[in-house]
Amino acid sequence: MTPAVPTPTASDSSFDVVVMGEVLVEVATDRALGHGVPAQLGVSGDALNVAAAAAAAGARVGLVAVLTDDDLGRSIAARIAELGISTDLLAFRPGQQGVYLVHCDPDGQREFSYARNGSVGSSLSPADLPQDIIAAAGALVTSGIACAISASFHAAVVRAAALAQRFVFDPNYRPRLTTVERATAALAELAPGAFLLTPSYPGETSALLGTETPQQAAAYLRSKGATHAAVTCGADGIHLESAHDSQWLPAVPAPHMVDQTGAGDAFVGTTTARMVLGDSFATAARYGAAAASLVVGGKGGTGFVPTFEQTRAHADGTEPTNRRAGEPGK
C-alpha cells in the first residue's frame, strides 16, 4: 500500500522557523559496517534534526526539502509530520534519495559513509523557494552542508539568506563534501547580516576562520557582520557573543550517551526557536545546550527528540515529569 502524503501541519503557511536542507535515509549500526551486520533504518540529515528540535522547542516549523516521488519519499514525509514539522514546503520529484551509513561505538563516536552524489535532495534550486513564506518566517536556518551538495542548492541558500528576517547558518564543515577553501568562502559570503552563526571549536574555527580560541572566533564573526555568534566547544561549553552579551556558557552534562548524531543540530534548532519565541540569547542557548545533551541518549539523528518540558527541566537540573517508558532520563 502506498503511504499517503501527510496532511500539512501549518495550513496557514505561517512559520516561526523555516529550515532548508537535504533529508537522508539513515542506516545505523553498533558494529563496524559490513555484510550481515544488523542495522536500524531511520530518517535524519542535519536539516531534519534542526527542524525536529525547533518544533519540540515550541516553534511552528516548515522544512524546505526535495524528496523522491515514490513510496520512500512519502514514508519520509510521514516521519517529518510525526516530528511535528509541516510538510507544506516539501517538493517531490523522481530521483535517488540520499543515504548515509553510520557506525557508533559505545562512547557515541561515529564513522560515516555517504551515498548522496546526485541525490534528489541536492536538486533544490532558487526556483523551489517559497519566497513569501521565507520572508515572513521568524527565522531561516540552513548549513554549510546545503551549500556543499550542489551549486543550485548553494544559490538557493544565498537567495534565502537575502529574504530572511533572521538568517541562521551552521557552517557544518564536512571535508568529504567540500574543500576548506569552498567552505571558507561560503561562510564569508553568508556571515554579513547573519542573525546567528554557530561554528564548532576547534575544527571549524581553525579551518574556516584561522582563529585560535572560541573568543577570537566569535569576535571575528561579529566583526564580519553577524548579530550573534555561538561557538560550540563540545562537552566543554559554548562561547556566546553579541552586541550586548559576551559570556561562557558551561555545557549541560549528558545523562546518557548512546550516539552523538544530531547533538549540534539540536543546539541550533532549539536555540533558534527559543530566540524567535522571545527568549534572550543566553537563555535560548542554555536550552539548546540542554537539548543537545539529551539527544545523545537516543540512536540516530531523531532517535530521541526531547520535549521542551524535558529540555527545560534538564537545563534547570530537575527531572522531567513527562518521560515515557524507554526514554533517556537523568
Side-chain angles (χ1 to χ4, degrees), residues 1-11 13 15 18-30 33-56 60-104 110 112-125 127-130 133 142-143 145-146 149-150 152-153 156 177 259 261-262 265 269 295 298-305 326:
M1 180 176 177
T2 301
V5 175
T7 301
T9 58
S11 59
S13 298
F15 299 103
V18 171
V19 183
M20 287 175 55
E22 181 181 23
V23 181
L24 298 169
V25 172
E26 175 188 74
V27 181
T29 73
D30 293 323
L33 298 170
H35 176 74
V37 173
Q40 177 175 299
L41 191 67
V43 182
S44 189
D46 69 324
L48 179 61
N49 303 340
V50 168
R60 297 165 299 167
V61 181
L63 178 62
V64 178
V66 182
L67 305 176
T68 52
D69 188 15
D70 55 18
D71 287 359
L72 176 58
R74 284 179 280 277
S75 294
I76 293 171
R79 174 58 175 162
I80 291 170
E82 185 180 74
L83 290 166
I85 304 161
S86 172
T87 59
D88 285 15
L89 310 184
L90 298 175
F92 297 84
R93 59 179 64 128
Q96 168 193 316
Q97 190 67 45
V99 177
Y100 78 92
L101 296 84
V102 57
H103 160 230
C104 297
R110 302 155 296 160
F112 293 93
S113 179
Y114 293 92
R116 72 195 311 179
N117 287 345
S119 69
V120 70
S122 67
S123 70
L124 191 140
S125 74
D128 294 309
L129 297 179
I133 291 173
T142 190
S143 77
I145 291 176
I149 57 177
S150 72
S152 66
F153 213 132
L177 284 179
D259 180 357
T261 303
D265 304 326
V295 301
K299 181 181 290 186
T302 61
F304 174 57
V305 181

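To the nearest 0.5 Å, atom CD of residue Glu26 and atom CG of residue Leu48 are 9.5 Å apart. Put simply, OG on Ser150 and CG on Asn117 are 11.0 Å apart, with the number rounded to the nearest 0.5 Å. Between the OG atom in Ser75 and the CD1 atom in Ile80 there is a gap of 11.0 Å [rounded to 0.5 Å]. Note that CG of Asp88 is 7.0 Å distant from CD1 of Ile133, once rounded to the nearest 0.5 Å.
Legend: residues meeting side-chain contact (heavy atoms from CB on, under 4.5 Å) with Ala47, ordered by chain and number and at least two apart, are Val19, Leu63. Residues that satisfy the side-chain hydrogen bond (donor to acceptor under 3.5 Å, both in side chains) test with Gln96, not counting sequence neighbours, are absent from this structure. Taking the side-chain contact (heavy atoms from CB on, under 4.5 Å) definition, one finds that Thr68 meets it with Asp70, Leu72, Gln97, Val120, sequence neighbours left out. When the side-chain hydrogen bond (donor to acceptor under 3.5 Å, both in side chains) test is applied to Asp69, the partners found at least two apart in sequence or on another chain are Arg74. In terms of the side-chain contact (heavy atoms from CB on, under 4.5 Å) criterion, residue partners of Asp46 (sequence neighbours excluded) are, by chain and number, Ser143, Ile145, Asn172, Asp265.
The two residues Val27 and Ala39 have their closest heavy-atom pair at CG1-CB, 3.6 Å. Taking all atoms of both residues into account, the shortest heavy-atom contact from Ala156 to Ser125 is CB-C, 3.7 Å. Between Ser86 and Phe15 the shortest heavy-atom distance is CB-CE2, 3.4 Å. Across all their heavy atoms, Leu83 and Ala55 have their closest contact at O-CB, 3.8 Å. A pairwise comparison of heavy atoms in Leu90 and Ala77 identifies CD1-CB, 4.0 Å as the closest pair. Minimum heavy-atom separation, Thr302 to Ala52: CG2-CB, 4.3 Å.
Between the Thr87 side chain and the Ala81 main chain, no donor and acceptor come within less than 3.5 Å of each other. With Ser44 contributing its side chain and Leu24 its backbone, the two residues share no donor-acceptor pair below 3.5 Å. Here the side chain of Thr142 pairs a donor or acceptor atom with the backbone of Met20 at under 3.5 angstrom.
For residues 112-123, every residue pair satisfying the salt bridge (charged side-chain N to carboxylate O under 4.0 Å, His left out) rule, not counting sequence neighbours, is listed here: Glu22-Arg116.
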- Message: Run the side chain to side chain contact (heavy atoms under 4.5 Å, CB included) test on Val25 and Leu41 for me, step by step, so that the C-alpha distance in whole Å, both residues' side-chain angles and the decisive distance to 0.1 Å come before the verdict.
- Response: CA-CA 7 Å; Val25 172; Leu41 191 67; 3.4 Å; yes

- Message: Run Val18 and Val64 through side chain to side chain contact (heavy atoms under 4.5 Å, CB included) and show every step you take.
- Response: CA-CA 7 Å; Val18 171; Val64 178; 3.7 Å; yes

